[in-house]
*Asks:* 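For reference, the structure I am asking about is given below.
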Amino acid sequence: MLRLDTELLKARAAEKGDLTHEEIARRAGIDRSVVTRVFNGSVPTLPNVTAIAWAYGIALDELVPKAEDAVGVPA
């Protein structure tokens, strides 16, 4: 199972003063429940991942780990 780099997201959000899921969602223009699911381990749709990445200036390849770094992906 792939997971987003939530530690990177938290750090970038904190740099902008966004400390809650609601603040992250507002900046990304997505629903708060999407952000909550991301932090609980779910992988959102590509449009939502893109919105989060753009909102915090994170390249998609930084936010989404490489296959060999992903949790639960067979080698």
Side-chain angles (χ1 to χ4, degrees):
M1 163 197 293
L2 289 174
R3 296 182 70 149
L4 299 184
D5 187 344
T6 55
E7 292 305 314
L8 174 61
L9 176 54
K10 279 187 222 178
R12 293 287 177 89
E15 288 172 7
K16 293 190 179 273
D18 297 340
L19 302 177
T20 67
H21 292 180
E22 183 67 37
E23 292 167 328
I24 293 169
R26 189 174 309 123
R27 184 175 300 273
I30 60 176
D31 193 85
R32 181 204 47 80
S33 65
V34 172
V35 175
T36 298
R37 287 193 305 268
V38 165
F39 281 100
N40 286 333
S42 296
V43 178
T45 63
L46 183 57
N48 286 335
V49 171
T50 302
I52 292 168
W54 284 352
Y56 291 101
I58 304 170
L60 286 175
D61 62 343
E62 287 182 277
L63 191 56
V64 180
K66 292 186 268 183
E68 62 266 17
D69 297 335
V71 176
V73 175

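Residue numbers start at 1 and run along the sequence shown. Quick note: numbers below take in every heavy atom, side chains included, and nothing from hydrogens, waters or symmetry partners.
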*Asks:* Which atom pair, heavy atoms only, marks the closest approach of A28 to A51?
*Replies:*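 Of all heavy-atom pairs spanning A28 and A51, the closest is O-CB, 3.4 Å.
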*Asks:* Return the minimal non-hydrogen interatomic distance between E62 and D5, and the atom names on each side.
*Replies:*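 Taking every non-hydrogen atom into account, O-CB, 3.9 Å.
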*Asks:* To the nearest 0.5 Å, how far apart are CZ in R12 and CZ in R27?
*Replies:*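 CZ of R27 is found 13.0 Å from CZ of R12.
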*Asks:* Nearest 0.5 angstrom please: L4 CG to L60 CG, how far?
*Replies:*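 Separation between the atoms: 9.5 Å.
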*Asks:* When rounded to the nearest 0.5 angstrom, what is the spacing between CD1 in I24 and CG in L9?
*Replies:*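 Going from the CD1 atom of I24 to the CG atom of L9 covers 5.0 Å.
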*Asks:* How close do N40 and R3 get, counting heavy atoms only, and between which atoms?
*Replies:*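 Scanning both residues completely, I find the closest heavy atoms to be C-NH2, 4.4 Å.
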*Asks:* Out of curiosity, R37 CZ to D31 CG, how far, rounded to the nearest 0.5 Å?
*Replies:*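 CG of D31 is found 7.5 Å from CZ of R37.
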*Asks:* Measuring from F39:CZ to E7:CD, what's the distance to the nearest 0.5 Å?
*Replies:*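 Taking CZ in F39 and CD in E7, the distance rounds to 8.0 Å.
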*Asks:* Any side-chain heavy-atom pair from L8 and Y56 closer than 4.5 angstrom?
*Replies:*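 Sidechains of Y56 and L8: no contact.
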*Asks:* To the nearest 0.5 Å, how far apart are OG1 in T50 and CD1 in I58?
*Replies:*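 One gets 12.0 Å once the value is rounded to the nearest 0.5 Å.
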*Asks:* Working note: E22 + R26, criterion salt bridge (Lys or Arg N to Asp or Glu O under 4.0 Å); need CA distance, chi angles, decisive distance, verdict.
*Replies:* CA-CA 6 Å; E22 183 67 37; R26 189 174 309 123; 3.8 Å; yes
